[in-house]
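Have a look at the structure below before the remarks.
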Amino acid sequence: QTYQAYLKCYCADCAVGCGNKIDSEPEFCAEYINNERKLLALTVLVAVGPAAINQGLKIILKILVRFEKKHTKNLRDASLARNIFLAQFINTGLITLLVNADLVYYVSALEPLGPDPGLGFLAGEFRDLTSRWYLVVGATFIPAVLVASVSPNFAVLIKW
């Protein structure tokens with residue numbers, strides 16, 4: 001991590017004016033450029049991924065609510081709204097919280113399972129909602145919520 005900080009300072013602009021060597025030393029800064037591209041792609045994926053999944057869930061849940069055979073349109077709409085809320089809450093918030101939580105610390109029955117670094121489940125580094133949690137995990141919610149708040153209006157805008 002320290003190496004990446006030095007690389008960023010050398011290859012990009014930094015506060016002390018020592019950087020901006022991307023053009024003059026592209027081979028040395030190639031790793032930095034690749035890391036920045038991956039970071040940008042992951043940021044976009046984290047922002048757009050849950051919103052795209054939520055839109056897919058809406059379509060699927062609209063179809064599934066028809067099979068519930070509600071007697072009135074109000075009951076059908078209430079069921080659809082409840083199901084969409086629960087699906088989006090789980091997809092946007094709960095999964096992220098569980099993936100980053102150290103569940104083994106709180107539930108000793110999960111110890112035999114152990115942390116699984118391959119899937120990232122139960123291997124979270126956060127035992128509580130600390131200020132670092134808000135910087136690392138909480139910051140991923142911001143682009144996801146912004147995209148989710150704007151994405152329903154795209155369909156209306158396209159139809160218009």
Side-chain angles (χ1 to χ4, degrees), residues 1-62 80-111 113-158:
Q1 209 173 36
T2 306
Y3 170 72
Q4 290 299 324
Y6 287 136
L7 196 59
K8 179 177 182 177
C9 186
Y10 185 79
C11 293
D13 287 326
C14 86
V16 294
C18 62
N20 205 7
K21 305 283 186 184
I22 289 178
D23 295 329
S24 61
E25 297 185 38
E27 293 170 4
F28 183 77
C29 295
E31 182 180 355
Y32 168 74
I33 293 169
N34 287 335
N35 287 340
E36 288 297 310
R37 285 183 183 153
K38 289 177 187 175
L39 183 62
L40 179 63
L42 285 174
T43 303
V44 170
L45 183 65
V46 165
V48 176
I53 291 171
N54 286 343
Q55 291 300 323
L57 286 171
K58 276 186 189 179
I59 295 167
I60 291 169
L61 289 172
K62 283 180 183 179
L80 178 63
R82 181 178 51 253
N83 291 341
I84 288 175
F85 167 76
L86 288 173
Q88 289 181 349
F89 173 74
I90 290 169
N91 181 41
T92 306
L94 201 58
I95 290 175
T96 305
L97 182 68
L98 290 176
V99 165
N100 290 290
D102 184 8
L103 297 178
V104 176
Y105 177 77
Y106 291 106
V107 184
S108 60
L110 297 175
E111 275 186 44
L113 298 176
D116 183 7
L119 296 175
F121 189 66
L122 303 176
E125 61 180 293
F126 298 101
R127 294 180 177 172
D128 202 357
L129 301 178
T130 62
S131 59
R132 187 167 181 283
W133 182 91
Y134 285 99
L135 285 172
V136 175
V137 180
T140 63
F141 285 115
I142 294 171
V145 170
L146 286 175
V147 170
S149 67
V150 175
S151 64
N153 300 320
F154 282 136
V156 175
L157 184 63
I158 290 171

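Since we're looking at a predicted model, the values are computed, not measured.
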Separation between [atom1] of [X] and [atom2] of [Y], rounded to the nearest 0.5 Å:
X	Y	atom1	atom2	value
I53	N91	CD1	CG	5.0 Å
I90	F85	CD1	CZ	9.5 Å
K62	N83	NZ	CG	13.0 Å
F126	L97	CZ	CG	11.0 Å
L135	T130	CG	OG1	8.5 Å

Give the intermediate values and the outcome of side-chain contact (heavy atoms from CB on, under 4.5 Å) for residues L57 and N54.
-> CA-CA 5 Å; L57 286 171; N54 286 343; 4.0 Å; yes

